[in-house]
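Working notes, beginning with the structure itself.
Just so we're on the same page: letters track the sequence lines, and every chain starts at 1. Computed from a prediction, not measured in an experiment: that's the story for all the values here.
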Amino acid sequence: MKSIENLISEATKKALASLYNAQTESVNITIQPTRKEFEGDFTITVFAFTQLSKKNPEVTGKEIGEFLKSELPIVDDYNVIKGFLNLSISKLYWLEFLKSIFNKNDYGLAKPAADAPSIMIEYSCPNTNKPLHLGHIRNNLIGFSVARIVEAVGNNVIKVNLINDRGIHICKSMLAWQKWGGGETPESSGMKGDHLVGKYYVLFDKKMKEEAKKLVAKGILEEEAENKTDLMDEAREMLRKWEAGDAETINVWKMMNGWVYDGFDVTNKTLGVNFDKVYYESETYLLGKEVVNEGISKGVFFKKPDGSVWIDLTPDGLDEKLVLRGDGTSVYMTQDLGTAIQRSKEYKFEKLVYVVGNEQEYHFKVLFLILKKLGYKWADGCYHLSYGMVELPEGKMKSREGTVVDADDLIAEMIKTAEEITKELGKIENFESAEAAQLYKTIGLGALKYFILKVDPKKKMLFNPRESVDFEGNTGPFLQYTYARICSLLRKAKDMGYSAAINVNDIAQKEKDLIIKAYEFPKVIKESATAYNPALVANYVYDIVKLYNQYYHDYPVLKEENADLRSLRIAISEQVGTVIRNGMWLLGIEVPERM
RNA sequence: GAUCCCGUAGCUCAGUUGGAUAGAGCAACAGAUUUCUAAUCUGUCGGUCGUGGGUUCGACUCCCGCCGGGAUCACCA
């Protein structure tokens with residue numbers, strides 16, 4: 001079925017050709033929803049056509065409107081205000097449209113064909129030296145939601161994680177645990193593994209600073225002191241041992257990373273995010289070296305006298321960039337080159353999306369440019385989904401100042417608040433305790449996820465703890481509530497023997513508004529997939545929910561005595577419920593059937 | 001110093017490839033429940049869209065300058 005916009009657009013071109021004898025190949029026709037203060041459903045801006053018609057906008061609009069009205073059966077009427085041609089689409093058409101999507105539980109969600117393009121999305125990418133925090137939550141939620149959205153427009157999606165499980169930071173935790181841990185484990189301490197390891201990372205930092213302070217007192221420069229501590233030496237020594245494959249070091253490393261993975265799994269499972277494939281840096285960090293050699297022979301890279309390898313990007317307006325250290329060891333760029341190339345061999349993807357914070361924009365610009373210069377065709381399909389930092393009312397999160405919002409704490413807090421508010425409202429007296437616990441989780445996480453996803457990923461966002469636990473207005477629980485209320489309505493309808501049906505030939509304005517809104521759903525998903533922006537879906541769901549609540553308030557459904565009207569209202573309610581459920585699915589937010 | 005991003009109501013955010021009188025939520029105030037879930041709905045208050053130019057029939061949107069905030073430019077990750 002052709003979209004209305006297409007029909008209108010084509011008919012308008014026909015009008016221009018037949019009325020004004022115009023060439024319409026290159027004419028761009030802008031069609032937008034009519035603003036609600038005017039009569040009509042779609043609006044064509046006619047200013048641009050006055051050159052073709054040689055008449056003023058009013059007259060041009062009228063002539064085109066008249067043409068469309070007689071030519072297009074779906075156009076019932078039109079009016080022209082200033083240069084705007086407002087078209088009213090026939091109510092019968094909207095009812096037909098409603099019929100066409102009605103009972104489709106997966107409305108808006110396309111199933112990817114087997115031969116559909118593949119898109120790889122990398123997100124999360126934590127270090128294993130400390131637990132996840134609010135920044136990771138934003139990353140996880142964006143990555144997971146974008147994956148669903150991209151899938152819903154018909155792509156095959158491969159969700160991947162790249163865990164930074166090696167390096168000096170992990171050695172710091174290990175060293176501190178060996179020195180002062182006394183053999184403590186998650187079991188013996190009762191601590192979640194990632195938090196336990198994080199505790200030793202913090203302890204290392206504290207002890208090292210104490211040592212550095214003494215060095216400064218002895219006259220060593222402050223900026224050099226930390227690097228000159230014995231503790232840092234020991235940590236570096238441990239890293240060397242790790243790289244040399246020292247058995248004892250590897251064992252401790254494996255054990256402590258295992259604790260961290262168990263911890264991450266719990267957090268990710270609670271958040272509801274997952275991956276198709278997990279990469280570990282310990283397995284990929286050597287990958288890029290060969291590529292560097294190839295690059296030298298291809299003349300893309302060059303070697304400096306000290307042996308370090310560089311690429312000159314000054315012709316591209318960037319700097320010279322190091323791709324391999326003088327001692328032959330990798331830098332970040334080396335690994336990322338190698339990993340990307342390996343992935344391209346493992347999976348045939350058309351796009352590779354990196355969900356990474358905007359502080360790394362330069363890095364990815366360079367990475368993609370190098371891949372392109374190395375001749376990889378798929379480099380054009382690489383995209384850095386660069387999201388803004390999460391800030392707190394008192395400023396940025398700083399681990400040194402202890403202002404980092406821990407992911408597990410935050411999630412627990414949201415769930416607790418959901419419980420308190422639910423109990424306060426006294427809505428679920430007849431719930432089993434397990435059912436109630438599930439509901440608190442659904443609501444608490446719904447609030448958190450929606451709070452984060454409703455903001456454009458590209459923008460930095462302010463996380464105000466007080467506002468995040470607000471469950472009224474433009475919030476996740478508000479959307480969930482509307483869904484639950486629809487479910488309740490449908491349950492009652494069923495009990496009363498009423499069913500949904502579309503047997504009318506007239507509808508109220510608010511009903512038409514809702515159908516039009518539902519009509520926009522697939523379009524919104526497409527836009528949101530193109531822009532990798534879940535906020536478009538979030539804001540859309542909010543819009544339709546707001547419209548529906550007004551409708552719910554103004555129009556009785558079950559109390560309506562006219563059976564046809566009643567059935568129509570049930571049908572509309574059910575359809576809105578489907579849109580809410582599927583929209584929330586795209587955001588990774590669950591919806592409760594009662595709350 | 002160079003490059004990039006951001007600046008919309010007291011606060012948090014929307015605002016489609018440039019379109020009509022710039023919209024929501026929160027906060028404040030005033031209302032609506034014998035009626036399908038009031039986590040709801042309605043109303044009031046709130047704006048020189050940072051600022052000055054330019055392009056255009058038309059600019060929050062595009063271009064240039066300036067002001068303010070942030071990020072990046074490591075043989076760190």
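- Under the Watson-Crick or G-U wobble criterion, with both distances below 3.5 Å, B:rA9 has no partner in any strand shown.
- Counting only heavy atoms from C-beta on, A:Asp470 has its side chain closest to B:rC26 among B:rC41, B:rC26, B:rC36.
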Worksheet item: Which letter, B, S or -, goes with each nucleotide of nucleotides 57-63 of chain B from 5' to 3', with contact meaning a protein heavy atom under 4.0 Å?
Response: B------
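- Distances shown here put every side-chain N or O of A:Arg466 at or beyond 4.0 Å from the OP1 or OP2 atom of B:rU12.
- Within the 4.0 angstrom heavy-atom criterion, base atoms lie near A:Thr422.
- For A:Arg325 and B:rA77, the shortest distance from a side-chain N or O to OP1 or OP2 is below 4.0 Å.
- Taking the six-membered ring where tryptophan is involved, the planes of A:Phe84 and A:Phe47 are perpendicular, since the angle between them exceeds 60° and thus also 30°.
- Using N1 to N3 plus N6-O4 or O6-N4 for Watson-Crick, or N1-O2 and O6-N3 for G-U wobble, each under 3.5 Å, B:rA14 pairs with nothing.
- Atom CD in A:Glu574 sits 9.5 Å away from atom OG in A:Ser499 (nearest 0.5 Å).
- Once the 5.5 Å centre distance and the 30° plane angle are applied, the aromatic ring of A:Tyr542 is found not to be stacked with the base of B:rA24.
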Please tabulate the protein-to-nucleotide N/O contacts below 3.5 Å involving nucleotides 4-6 of chain B, giving atom names and distances.
none

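- Here B:rC36 sits opposite no nucleotide as a Watson-Crick or G-U wobble pair (both hydrogen-bonding atom distances under 3.5 Å).
- Summarising the base pairing, B:rG31 is matched to B:rC41 through a Watson-Crick or G-U wobble pair whose two defining distances lie under 3.5 Å.
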